[in-house]
Asks: 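The structure follows.
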Amino acid sequence: MTKTITFNELRSIKDRLPDGSMSLIADRLNTTAQTVRNYFGGSNYEFGKNCGVHIEPGPDGGIVVLDDSTIYDMAVEILQAQEAE
């Protein structure tokens, strides 16, 4: 499912994730941790893939359109579980 947020919101989610979350998400999706990092704004495509993240310039770091919100949804679940503890 497509999701639109600001780049700053996306980076905030990434920054709040506990250590090891990138690898956890990558393992669950059978991909590389670098691919997950690229989803959150990284740009190392030698060791990771593009995940359908489109960034347009604008306020709050720009607008980000996520073609598939699976990684985003998993990150939000991890944050919610962390907050519940």
Asks: Determine, step by step, whether Val64 and Thr4 satisfy the side-chain contact (heavy atoms from CB on, under 4.5 Å) criterion, reporting the C-alpha distance in whole Å, the side-chain angles of both residues, the deciding distance to 0.1 Å, and the verdict.
Replies: CA-CA 6 Å; Val64 178; Thr4 303; over 6 Å; no

Asks: First locate atom CG of Asp19, then atom CG of Leu24, and finally report the distance between them rounded to the nearest 0.5 Å.
Replies: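 If I round to the nearest 0.5 Å, the distance is 12.5 Å.
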
Asks: Verify, without hydrogens or angle tests, whether Arg11 (side chain) and Phe40 (backbone) share a donor-acceptor contact under 3.5 angstrom.
Replies: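 Yes: the side chain of Arg11 pairs with the backbone of Phe40.
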
Asks: Is it true that a side-chain atom of Asp68 and a backbone atom of Thr70 form a donor plus acceptor pair closer than 3.5 Å?
Replies: yes

Asks: Quick check on Asp15: does its CG atom have over 12 non-hydrogen neighbours (other residues, nucleotides or ligands) under 6.0 Å away?
Replies: yes

Asks: Give me the atom names and distance for the closest heavy-atom approach of Leu66 to Tyr39.
Replies: CD1-OH, 3.3 Å

Asks: Sequence neighbours left out, what passes side chain to side chain donor-acceptor pair (under 3.5 Å) with Ser23? Give chain and number order.
Replies: none

Asks: Taking only residues two or more places apart in sequence, or in another chain, which ones meet Glu9 in a side chain to side chain donor-acceptor pair (under 3.5 Å)?
Replies: Thr6

Asks: Less than 4.5 Å apart, any side-chain heavy atom of Ile55 and any of Ile63?
Replies: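 Not in contact.
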
Asks: To the closest 0.5 Å, what do you measure between CG (Asp27) and OG1 (Thr32)?
Replies: 10.5 Å

Asks: Enter the distance from Glu83:CD to Arg16:CZ here, rounded to the nearest 0.5 Å.
Replies: 6.5 Å

Asks: Would you say Val36 ends up clustered with Leu29 if hydrophobic residues are merged whenever their side chains have heavy atoms under 4.5 Å apart, either directly or through other cluster members?
Replies: yes

Asks: Atom OG1 of Thr35 and atom CE of Met22: how far apart are they, to the nearest 0.5 Å?
Replies: 12.0 Å

Asks: List the residues meeting side chain to side chain donor-acceptor pair (under 3.5 Å) with Asp73, not counting sequence neighbours, and say none if there are none.
Replies: Ser69

Asks: Give, for atom OG of Ser21 and atom CD1 of Ile71, the distance between the pair rounded to the nearest 0.5 Å.
Replies: 12.5 Å

